[in-house]
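The sequence lines fix the lettering, A, B, ..., with proteins before strands; numbering per chain opens at 1.
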Amino acid sequence: MQQKYNPHVIEREAQQHWERAGAFRATEAPGKPKYYCLSMFPYPSGKLHMGHVRNYTIGDVLTRYHRMKGCNVLQPMGWDAFGLPAENAAMANGVPPAKWTYDNIAYMKKQLQSLGLAIDWSRELATCRPDYYRWNQWLFLRMLGKGLVYKKTGVVNWDPVDQTVLANEQVIDGRGWRTGATVQKREIPMYYMAITRYADDLLAALDSLPGWPQRVKTMQANWIGKSFGVRFAFPYELPAGSNLPSPQPPSHALLPEGEGNLEPPLSIPSSPPFSQEEKGGSSLLSPPGREVGSEGWRGGGEGSRGAGGEGGAPEAQTPEKGLLWVFTTRADTIMGVTFCAVAAEHPLAAQAAKGDAKLAAFVEECKRGPVMEADLATIEKKGMPTGLSVTHPLTGKAVPVWVGNYVLMGYGEGAVMGVPAHDERDFHFAKKYGLPIEHVIDARTAGADAFTTDHWQSWYEGKDGICVNSGKYDGLGYHEAVDAIAADLKAKGLGDKQVLWRLRDWGISRQRCWGTPIPLIHCGGCGDVPVPDRDLPVVLPEDCVPDGTGNPLAKRADFVNCTCPRCGKPAKRETDTMDTFVDSSWYYLRYACPDNGTAMVDERVAYWLPVDQYIGGIEHAILHLLYSRFWTKAMRDLGLVKLDEPFTHLLTQGMVLNDIYFRKAESGRITYYNPVEIEAKADGSAVLTSDGKPVEAGGIGTMSKSKNNGVDPQELIDHYGADIARFFMMFTSPPEDTLVWSDAGVEGAARYLRRLWSFAWEFGKTGTAPSSPRPGTALPKELAGVRREVHGVLKQANYDIGRNQFNTVASAAMKILNALERTPGDGPLRRAVLHEGLSILLRLLSPITPHISHTLWRELKFGEDVLAADWPEPDAAALIEDEIELVVQVNGKKRGDVRVPRDADSKAIENIVLADPAVQRHVSGQPIKKIVVVPGRLVNVVV
RNA sequence: GCCGGGAUGGCGGAAUUGGUAGACGCACGGGACUCAAAAUCCCGCGCCCCCAAAGGCGUGCGAGUUCGACUCUCGCUCCCGGCACCA
């Protein structure tokens with residue numbers, strides 16, 4: 001054993017030992033509890049960043065802890081390898097995305113291995129490999145067969161200069177990131193997964209996940225957004241000769257149930273095959289409502305749910321009459337309706353715009369608006385009257401119809417009723433455009449101010465007022481009013497109660513070259529034809545280099561041209577690829593059977609799944625985690641797995657943040673600079689070190705490639721070693737907290753492990769024979785005190801590790817070493833106490849700092865391998881004390897403390913406390929009202 | 001804008017879930033060792049008053065409940081994450 005702690009030497013040796021022993025190779029071992037511990041796999045962006053180190057250290061701590069607690073553990077690792085950054089890098093460097101990605105994987109794998117993680121690398125997978133993504137394609141076709149995949153148009157960001165679709169991230173202040181051109185909305189055909197069919201299941205099953213953080217479950221529940229309300233219609237008549245266009249299908253439309261087997265259909269109803277040029281052209285599509293056909297989105301008895309109602313089915317109704325459908329959760333305010341507002345894409349808006357150039361211009365302006373919901377929600381609320389009016393279904397009064405830029409076509413019916421007196425947004429809209437405001441809920445019963453028409457604050461939006469100015473509904477509360485109104489609407493055939501979901505179906509089509517090819521072939525005669533299973537996988541060419549204009553796959557004749565599997569005639573392959581969330585929605589299943597070349601999953605999935613502990617960033621609280629839950633349920637219903645939920649326990653790691661610095665060019669293009677390149681000035685400004693010119697501070701944010709504010713942990717690992725980096729990472733903050741990166745304090749971690757090494761070296765110098773104190777051995781007072789402290793700290797540490805609070809586990813390890821170092825005297829009893837203390841300490845530390853624990857455990861002859869050791873448990877006998885200390889308060893303020901016998905009763909304690917001089921001074925003769933005794937803690941004298 | 005979360009010394013954080021606020025560290029100050037420095041070790045360290053003792057104030061801001069509030073309730077401010085094509 002060396003006298004000096006040399007992390008690099010011992011870490012290399014420990015890692016070689018684990019490698020030789022195959023220490024982390026996991027095999028199915030019935031009879032032992034299994035523990036599948038999974039950290040979210042990384043995107044191979046180039047280098048590890050601190051968020052990765054945090055994530056994988058947390059996962060490793062849990063993995064190693066549960067192994068020592070007796071579990072058969074599996075901790076796998078892989079690569080979320082498809083995605084946009086590879087295409088961006090390809091454009092910048094002229095290197096194919098595949099090469100860039102594989103190089104990054106090789107480098108980052110080395111980095112991960114240098115951390116000493118207990119990973120079973122034999123199960124490594126990368127989603128960009130055909131043997132992985134073929135199962136994306138295979139399952140896509142199974143879902144198509146079940147009707148869980150369907151086609152409809154969707155809105156994308158269009159860069160008119162580069163003639164290409166942009167990701168939301170590539171749109172900056174409404175402009176394309178490369179061209180600076182104003183981004184346009186464009187509708188293109190896309191494939192959707194019907195996640196809304198699982199809305200009820202996804203919501204209800206949240207209750208079956210006690211191992212998930214409440215905040216994540218709340219976010220998911222709100223995202224799914226089940227709202228109970230009333231769907232009803234305003235009848236209207238248009239001038240003769242009017243002809244309403246078809247509406248967009250609503251995004252929550254349902255498909256009929258499929259065949260119920262695992263076979264995809266021979267073809268799906270579709271528009272004729274489309275080439276990329278046609279997608280970019282102006283005569284893009286026939287109206288989508290018709291092309292999906294009768295089995296399509298309008299399916300069956302729910303056909304009238306489409307926005308615009310009968311307007312979408314002209315053959316069944318004279319075109320002049322129609323119903324304007326809306327959904328509301330506040331049917332109790334229906335008598336206060338003074339206008340209706342429809343989305344720009346609504347058929348009534350289109351109808352009204354025909355004869356009104358100004359309105360047509362406004363509708364066009366709305367359609368050009370932002371795509372992202374966050375932008376939509378913050379734009380100025382604008383509207384314009386259509387000149388049309390509809391009839392109030394209960395009062396028969398005429399209600400004007402407006403076009404509103406805040407009404408979303410994709411949610412509900414694409415139209416809303418306007419009740420300015422009891423909805424804040426409607427109120428501002430009415431004030432702005434001079435629409436009447438009719439007060440119909442009296443809020444005074446609920447303690448709110450009286451109604452006025454001047455200030456929103458004195459109005460009432462709550463559900464606990466009663467109806468006024470509402471005719472026969474006067475005096476009813478919320479629930480009675482909704483019931484009565486829904487019943488009356490139903491009697492007239494103009495509405496009923498209904499559930500509305502906020503959740504929308506999942507559009508998976510991407511116009512990009514670095515993703516899973518969608519396994520469909522477009523045939524002029526047969527339509528969209530699924531690729532037969534025998535032809536899977538549809539292999540992605542790995543030598544494509546995008547140039548920023550359109551999808552390079554579409555430019556490759558060798559990829560696009562094929563023959564129709566049905567009729568054998570020449571056909572075109574689909575060139576869209578799948579959303580990368582598809583890849584990450586099931587990878588946790590594949591780790592159980594990564595080598596199976598003939599099936600997506602096998603019986604080993606039944607052994608390992610569900611994942612017992614999933615660990616990843618809180619930023620994935622909704623999308624990734626919801627898609628994975630959906631995918632699991634879909635596979636369950638296809639008979640492929642017997643799982644309701646994929647992840648039993650979830651730990652959502654807090655984000656690692658860092659400063660953001662950038663410069664904005666005149667074109668609007670933003671360049672980000674890494675904080676290491678920045679010099680902060682005394683006046684608070686910042687300059688780029690290389691040119692001395694100012695940069696703008698963009699606050700702090702998540703470490704990311706796109707903001708260029710990541711910190712490479714390699715320097716830290718190279719300088720200090722993995723154990724110190726891991727210890728510091730765990731010590732500096734609790735796992736779930738947001739962490740603003742700073743390496744201040746890493747020296748403390750380094751000092752601690754050096755101190756531990758020196759202590760162990762001194763201890764080992766004087767002999768190595770095991771000599772923990774025998775049970776029942778009487779120890780001198782000081783030694784008993786040290787032992788009590790060690791076991792007391794261990795007790796708390798075990799509580800903390802059980803609740804994933806690893807920072808206090810690390811500080812517990814520090815406290816134990818402090819106590820051992822302070823242990824007075826010498827002789828065999830002292831040595832026995834130190835021996836026991838060290839054995840506890842090395843085991844407690846081993847999940848956090850596995851290398852030093854491994855080495856010292858062997859060197860001091862505690863055993864062959866600390867991995868095989870039992871987890872330490874405190875000795876209850878060591879914790880017993882004869883006297884305990886109680887805090888003494890007078891009127892809730894601390895005035896001292898007293899020592900009392902462990903078994904003193906309240907009366908005895910009161911007497912001791914009242915005799916205390918500090919208490920007498922503060923009581924100073926005033927009458928004592930009462931004395932509160934909290935056993936084992938404190939005594940409060942109230943005067 | 002909507003949904004979720006956060007705020008405690010100069011800094012990271014702790015407080016056994018209503019019971020001693022500041023554990024454990026970092027930084028800083030003083031001392032020991034040293035020719036000197038580094039490393040290491042010892043002491044101090046919320047703010048005010050102050051030789052000290054005693055005391056007063058103190059957990060983002062403003063109210064409230066309680067013998068007692070970092071913890072519970074109501075109302076704010078600021079920051080972080082998500083908002084469906086970043087992953």
Side-chain angles (χ1 to χ4, degrees), chain A residues 40 42-43 45 80 82-85 154 156-157 165-171 213-216 218-223 225 371-379 381 406 410 425 503-512 579-581 584 617-624 626-627 652 654-655 657 699-702 704-707 728 731-734 736-740 742 744-749 751-752 754-755 758 795-796 799-800 805 807-808 810-815 818 885-894 896-897 921 929-932 934 937-943:
Chain A
M40 289 180 186
Y43 177 78
S45 56
D80 187 14
F82 277 136
L84 195 58
V156 294
N157 305 299
V165 175
L166 298 178
N168 285 339
E169 192 188 48
Q170 297 170 318
V171 179
Q214 190 53 52
R215 58 171 165 162
V216 174
T218 304
M219 279 190 266
Q220 292 215 350
N222 290 339
W223 183 262
V371 173
M372 285 174 271
E373 192 189 308
D375 294 334
L376 278 168
T378 48
I379 54 172
K381 308 287 178 287
Y406 63 95
R425 197 175 50 183
L503 183 67
R504 305 201 295 263
D505 278 339
W506 175 15
I508 60 149
S509 297
R510 298 291 180 270
Q511 297 69 45
R512 294 190 220 300
D579 182 4
T580 55
F581 275 123
S584 55
I618 183 67
E619 76 274 23
H620 294 295
I622 296 175
L623 292 179
H624 162 62
L626 193 63
Y627 291 143
T652 45
M655 306 276 64
L657 311 181
I700 52 173
T702 314
S704 71
K705 187 122 184 146
S706 60
K707 296 284 195 296
F728 171 62
F731 178 71
T732 198
S733 170
E736 304 205 281
D737 282 13
T738 298
L739 169 61
V740 180
S742 159
V746 70
E747 265 304 328
R751 270 202 283 268
Y752 172 66
R754 285 196 289 261
R755 211 148 55 81
S758 303
K795 187 180 177 187
Q796 180 66 35
Y799 175 77
D800 288 343
Q805 187 170 287
N807 56 327
T808 49
S811 64
M814 289 176 154
K815 286 177 189 174
N818 288 347
E885 200 165 85
L886 290 183
V887 167
V888 178
Q889 297 182 332
V890 178
N891 284 345
K893 283 194 194 301
K894 185 188 172 186
D897 38 46
R921 191 163 62 242
K929 281 192 196 154
K930 67 170 164 177
I931 301 177
V932 181
V934 182
R937 290 207 176 277
L938 61 69
V939 181
N940 189 12
V941 181
V942 185
V943 297

Bracket notation of RNA chain B in which parentheses pair within the strand, [ ] cross earlier pairs, and | pairs with another strand (Watson-Crick or G-U, under 3.5 Å): (((((((..(((......[....))).(((((.......))))).(((......)))..(((((..]....))))))))))))....
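Annotation: side chain to side chain contact (heavy atoms under 4.5 Å, CB included) contacts of Val165(A) (sequence neighbours excluded): Val156(A), Trp158(A), Gln511(A). The ring pair (Phe, Tyr, Trp, His ring centres under 6.0 Å) test applied to Tyr752(A) returns Phe727(A), not counting sequence neighbours. Listed by chain and residue number, nothing satisfies the salt bridge (charged side-chain N to carboxylate O under 4.0 Å, His left out) test with Glu736(A) (two or more places apart in sequence, or in another chain). Annotation: side chain to side chain contact (heavy atoms under 4.5 Å, CB included) contacts of Val942(A) (sequence neighbours excluded): Asn891(A), Lys929(A), Lys930(A), Asn940(A). Partners of Glu747(A) under the salt bridge (charged side-chain N to carboxylate O under 4.0 Å, His left out) rule, at least two apart in sequence or in another chain, are Arg754(A). With sequence neighbours excluded, the residues satisfying salt bridge (charged side-chain N to carboxylate O under 4.0 Å, His left out) with Arg755(A) are Glu821(A). Remark: Asp800(A) engages Arg803(A) in a salt bridge (charged side-chain N to carboxylate O under 4.0 Å, His left out) (not counting sequence neighbours). Take Tyr406(A) and apply the ring pair (Phe, Tyr, Trp, His ring centres under 6.0 Å) test, not counting sequence neighbours, and it matches Phe429(A). Residues satisfying the side chain to side chain donor-acceptor pair (under 3.5 Å) criterion with Thr702(A), sequence neighbours excluded, are absent altogether.
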Might you list the N or O atoms of the protein lying below 3.5 Å from N or O atoms in nucleotides 10-14 of chain B, with each pair's distance?
from   : atom 1 : to        : atom 2 : distance (Å)
G12(B) : O2'    : Thr732(A) : O      : 2.1
G12(B) : O2'    : Thr732(A) : OG1    : 3.1
G13(B) : O3'    : Asn807(A) : ND2    : 3.1
A14(B) : OP1    : Asn807(A) : ND2    : 3.1

Show the distances under 3.5 angstrom between N or O atoms of the protein and N or O atoms of nucleotides 18-22 of chain B.
from   : atom 1 : to        : atom 2 : distance (Å)
U20(B) : O2     : Lys894(A) : NZ     : 2.9

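His624(A) comes within 4.0 angstrom of no nucleic acid atom, judged by non-hydrogen atoms across all strands. Within the 4.0 angstrom heavy-atom criterion, no nucleotide atom of any strand lies near Gly225(A).
Here the separation of U71(B) from G18(B), taken at their P atoms, is 11 Å to the nearest Å.
Within 6.0 Å of NZ on Lys795(A) lie no more than 12 heavy atoms contributed by other residues, nucleotides or ligands.
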